[in-house]
Asker: 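The structure follows.
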Amino acid sequence: MPQSDDERLVALEARMRRDDPRFARALGAGRPARPREYRRTGVWCMLAVAVAVLVTGIVLADGLLIATGLVLAGIAVELCDPHRVRRTGRR
């Protein structure tokens, strides 16, 4: 027997509350917030730190700081992708 539209909506609402409670509360209050996939404040801070470490490594001619800055920048850029697949082990 096919599910009714009400059951699908209730299941969708429950999944949204479980996945991103902040977004669900804001949506219920009538003031939608950005979903978790598009909140990037921490990533921008990490990218700024990475660039600062990289520039410091270049100025001081320190290979370890340059490598650290490059690795941090790579991680931050990878985290910027809003459509990255979460690796949970399930397909």
Side-chain angles (χ1 to χ4, degrees):
M1 180 182 288
Q3 280 186 320
S4 71
D5 289 337
D6 292 336
E7 291 172 355
R8 289 182 190 161
L9 288 174
V10 168
L12 181 64
E13 179 184 6
R15 189 173 66 212
M16 184 176 66
R17 285 193 186 279
R18 184 182 62 237
D19 289 344
D20 197 354
R22 179 180 170 224
F23 178 70
R25 279 192 311 270
L27 193 61
R31 294 170 299 176
R34 288 186 296 172
R36 179 181 301 147
E37 292 85 18
Y38 296 101
R39 289 185 230 142
R40 301 280 176 236
T41 306
V43 174
W44 284 109
C45 292
M46 184 177 181
L47 190 58
V49 168
V51 169
V53 169
L54 180 62
V55 169
T56 303
I58 291 171
V59 169
L60 296 177
D62 186 4
L64 186 58
L65 284 176
I66 293 172
T68 303
L70 288 172
V71 168
L72 288 175
I75 292 170
V77 168
E78 178 69 25
L79 292 175
C80 282
D81 183 16
H83 301 292
R84 72 178 192 270
V85 178
R86 292 184 181 160
R87 294 172 182 92
T88 60
R90 287 185 264 164
R91 292 184 185 254

Asker: Group every Ile, Leu, Val, Met, Phe, Trp and Tyr by side-chain heavy-atom contacts under 4.5 Å, then state whether M46 and V43 land in the same group.
Answerer: yes
Asker: Indicate if L70 and W44 have the same hydrophobic cluster label, given that clusters are the connected sets of ILVMFWY residues with side-chain heavy-atom separations under 4.5 angstrom.
Answerer: no
Asker: What closest approach, in Å, do I66 and L54 show between heavy atoms, and which atom pair accounts for it?
Answerer: O-CD1, 3.6 Å
Asker: Does L72 share a hydrophobic cluster with V77, counting links as ILVMFWY side-chain heavy atoms below 4.5 Å and allowing steps through other members?
Answerer: no
Asker: So which heavy atom on T56 is nearest to which on A52, and how close?
Answerer: OG1-O, 2.7 Å
Asker: Locate the shortest heavy-atom distance separating L65 from V53; write the atom from each residue and the value.
Answerer: O-CG1, 3.4 Å
Asker: Write down the atom of A73, the atom of A50, and the distance for their closest heavy-atom approach.
Answerer: N-CB, 3.4 Å
Asker: Going only through I, L, V, M, F, W and Y residues with side-chain contacts under 4.5 Å, is there a path from V71 to V51?
Answerer: no
